[in-house]
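A short write-up of the structure that comes next.
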Amino acid sequence: MALENTVTSLLFFVLIIIISSLPLYFSVKLLGGKTTLLKTFLVMVLIAIVSAVVKTAFSSYSTYIVWIFLIWIFHEIFRLKIIKAIILWILWIVFILIFNFIFSLAGFSTLFIFS
């Protein structure tokens, strides 16, 4: 029974990462960055791990540290200039809001991607 819960939780985590990878993938492609779906998925896994570690280590300023780290990741991995990486970060958030709106129209509750 406990193994089933663990597998279900892991599958749900992977599904959320895949769904949240799509807005990032579309944003990178829109800005002319170099990416694939697999690369974007791996970046999202990296972002999830780094966010968890930073929020555990630096509770008071963790959000700002993660924002800066995200922009640096976008700059390095997708080979974008810093300004484009900042625009990518903003565009990614806009796409997430649009995806959440579409999912809510389809009857799903909010995916809580920002939490």
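All values reported here derive from a predicted model rather than from experimental measurement.
Of the inter-residue distances, the one linking Ile18 atom CD1 with Tyr25 atom OH reads 14.5 Å to the nearest 0.5 angstrom. Thr6 OG1 to Leu11 CG: the interatomic distance, rounded to the nearest 0.5 Å, is 11.0 Å. Considering NZ of Lys29 and CG of Leu24, their distance stands at 12.0 Å, rounded to 0.5 Å.
The side-chain contact (heavy atoms from CB on, under 4.5 Å) check on Ala52 picks up nothing, with sequence neighbours excluded. For the side-chain contact (heavy atoms from CB on, under 4.5 Å) test, residues two or more places apart in sequence or in another chain that qualify with Trp89 are Trp67, Leu70, Ile71, Phe74, Trp92, Ile93. Checked against side-chain contact (heavy atoms from CB on, under 4.5 Å), Phe12 has the following partners two or more places apart in sequence or in another chain: Ile16. The ring pair (Phe, Tyr, Trp, His ring centres under 6.0 Å) search around Phe69 returns Trp72, not counting sequence neighbours.
Grouping the Ile, Leu, Val, Met, Phe, Trp and Tyr side chains by contacts below 4.5 angstrom, directly or via other members, places Val94 with Ile102. Residues Leu15 and Met44 are members of one and the same hydrophobic cluster, defined by side-chain heavy-atom contacts under 4.5 angstrom among Ile, Leu, Val, Met, Phe, Trp and Tyr. The hydrophobic cluster containing Ile73 also contains Ile90, counting ILVMFWY residues as joined when their side-chain heavy atoms lie under 4.5 angstrom apart, directly or transitively. Phe58 and Tyr64 end up in the same hydrophobic cluster when Ile, Leu, Val, Met, Phe, Trp and Tyr side chains are linked at under 4.5 Å. Cluster membership check: Val45 shares its hydrophobic cluster with Ile96, using side-chain heavy-atom separations under 4.5 Å among Ile, Leu, Val, Met, Phe, Trp and Tyr.
Here the side chain of His75 pairs no donor or acceptor atom with the backbone of Ala85 at under 3.5 angstrom.
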Show me the side-chain donor-acceptor pairs of residues 34-42 shorter than 3.5 Å, one per line, residues at least two apart or across chains.
| from | atom 1 | to | atom 2 | distance (Å) |
| --- | --- | --- | --- | --- |
| Thr35 | OG1 | Thr40 | OG1 | 2.8 |
| Thr36 | OG1 | Lys39 | N | 3.1 |
| Lys39 | NZ | Lys34 | O | 3.3 |
| Lys39 | NZ | Ile77 | O | 3.1 |
| Thr40 | OG1 | Thr36 | O | 2.8 |

Original post:
Could you walk me through whether Val50 and Val66 pass the side chain to side chain contact (heavy atoms under 4.5 Å, CB included) check?
Top reply: CA-CA 8 Å; Val50 168; Val66 170; 5.5 Å; no
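Looking at every heavy atom in both residues, Leu80 comes nearest to Leu31 through CD2-O, 4.3 Å.
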